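Data first, discussion second: the structure below is written as structure tokens.
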Amino acid sequence: MTDKPLIAITGASSGIGEATAIAFSRAGYPLLLMARRLDRMAALNLPDAVLRQVDVRDRAALAAAVADGEAAFGPVDLMFANAGVAHLADIATQPPEDWDAMIDINTKGVMNTVHAVMAGMIARRRGTLVMMSSIAGRKVYPDHTVYCGTKFFVHAVSESLREYLSAYDVRVQVISPGVIETEVLSGVKDAGTLAAYQANKAAIGGGIGPEHVADLILSTYQMPQNALVQEICITPTRQRY
């Protein structure tokens, strides 16, 4: 057991979510890890961790997972709303079902995740919400139309939540990565879009590791509760846009 507060992460089975789970575990924090791939989380073999198979579109499942984590380790002190998908494609030919998935997971899923812990944080007058956005939530890119829309949503909601929750000493941080070495391209089905993305990535020497994002989340979380790094925007040095 640990005397440090509980850290909750959605989308914890890969990429930035996985890296953040590892970083916080190494720092001695108990974890509530949530994702659709339970086997991937179990393979991490992290101590003091509650693992739950959760789809962030399922509000009740999120609430149940939080209840289980808090029963084991006390209140969630940081919730990382990390789960998301990137179905990038030419908007004129993209199946609307791909829009639905991005909207449901990247926007409704984020709100479901926030809802699962916000009331408790307000009551305790303490907590941190870390919201996964993207550099595509700050500017638009070809074949990112709906994806950009979902990430602009995260930025707007985070700004509003930050203002509202500041009165309760609850922090809201936005993460806006550029090209990171994750499985994000697994959601790209459009061959032309995928080729263009890979060419741009190669031109800047590839992405950077998700552990760099995780280390920043950990270090800024460990600042005093009255100090907030409102946004982390991190890209490869050669990524100019």
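Nothing here was measured: the structure is a model prediction, and the numbers come from that model.
Remark: Tyr29 pairs with Gln222 by the side chain to side chain donor-acceptor pair (under 3.5 Å) rule, at least two apart or across chains. For Asp58, there are no side chain to side chain donor-acceptor pair (under 3.5 Å) partners, not counting sequence neighbours. In terms of the salt bridge (Lys or Arg N to Asp or Glu O under 4.0 Å) criterion, Asp100 has no residue partners (sequence neighbours excluded). Residues passing the side chain to side chain contact (heavy atoms under 4.5 Å, CB included) test with Leu194 are Leu185, Val188, Gln198, sequence neighbours excluded. For Arg59, the side chain to side chain contact (heavy atoms under 4.5 Å, CB included) test picks out Asn112, His115, with sequence neighbours left out. Judged as a salt bridge (Lys or Arg N to Asp or Glu O under 4.0 Å), and not counting sequence neighbours, the contacts of Arg138 are Glu231. Here Arg26 pairs with Ile22 under the side chain to side chain contact (heavy atoms under 4.5 Å, CB included) rule; sequence neighbours left out. Not a single ring pair (Phe, Tyr, Trp, His ring centres under 6.0 Å) links Phe80 to another residue, sequence neighbours left out. Asp98 meets the salt bridge (Lys or Arg N to Asp or Glu O under 4.0 Å) test with Lys189; sequence neighbours excluded. Not counting sequence neighbours, Glu70 has no partner by the salt bridge (Lys or Arg N to Asp or Glu O under 4.0 Å) test.
Looking at every heavy atom in both residues, Leu46 comes nearest to Leu33 through CD1-CD1, 4.2 Å. For Ala72 against Val50, the heavy-atom pair with the smallest separation is CB-CG2, 3.9 Å. Considering every non-hydrogen atom in both Val146 and Ile103, the closest pair reads CG1-CG1, 4.1 Å.
Ion pair Asp169/Arg125 flagged as a salt bridge, since at least one NZ, NE, NH1 or NH2 atom sits closer than 4.0 Å to an Asp/Glu carboxylate oxygen. A salt bridge links Arg57 to Asp55: at least one charged side-chain nitrogen sits closer than 4.0 Å to a carboxylate oxygen. With salt bridges taken as basic N to acidic carboxylate O contacts below 4.0 Å, one links Glu181 and Lys201.
Met131 and Ile180 fall into different hydrophobic clusters, where Ile, Leu, Val, Met, Phe, Trp and Tyr side chains are chained together by heavy-atom contacts under 4.5 Å.
Without hydrogens or angle criteria, Ser25 side chain to Ala21 main chain gives no donor-acceptor distance under 3.5 Å. Between the side chain of Gln225 and the main chain of Gly127, a donor-acceptor pair closer than 3.5 Å is present. Between the Thr10 side chain and the Ala83 main chain, a donor and an acceptor come within less than 3.5 Å of each other. Checking side-chain atoms of Gln239 against main-chain N and O of Val179 turns up a donor-acceptor pair under 3.5 Å. In this structure, the side chain of Arg162 engages the main chain of Gln230 through a donor-acceptor pair within 3.5 Å. Panel note: side chain Ser176, backbone Ser133; no donor-acceptor pair is recorded below 3.5 Å. Checked by atom type and distance alone, the side chain of Gln53 never pairs as donor or acceptor with a backbone atom of Leu38 at under 3.5 Å. Judged by distance alone, the side chain of Asn82 and the main-chain N or O of Gly11 form a donor-acceptor pair under 3.5 Å. Distance alone, capped at 3.5 Å, is enough to place a donor-acceptor pair between the Gln94 side chain and the His87 backbone. Lys151 contributes no side-chain N or O that, together with a main-chain N or O of Asn106, makes up a donor-acceptor pair within less than 3.5 Å.
Checking Gln173 against Thr220 by side-chain atom types alone, a donor-acceptor pair falls below 3.5 Å. When only modelled atom types and interatomic distance are considered, Arg37 and Ser14 share a side-chain donor-acceptor pair under 3.5 Å.
Within 6.0 Å of NZ in Lys108 there are 12 or fewer heavy atoms belonging to other residues, nucleotides or ligands.
For the side-chain hydrogen bond (donor to acceptor under 3.5 Å, both in side chains) test with Tyr221, the passing option among Thr20, Asp77, Thr128 is Asp77; the others fail.
Between Tyr164 and Tyr168, the angle of the ring planes lies from 30° to 60°, which puts this pair in the tilted group.
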Per-pair distances, 0.1 Å, donor-acceptor, side chain in residues 203-217, under 3.5 Å, sequence neighbours excluded:
none

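Cluster partners of Tyr141 are Ile135, Tyr241, counting Ile, Leu, Val, Met, Phe, Trp and Tyr whose side-chain heavy atoms approach within less than 4.5 Å, directly or via other members.
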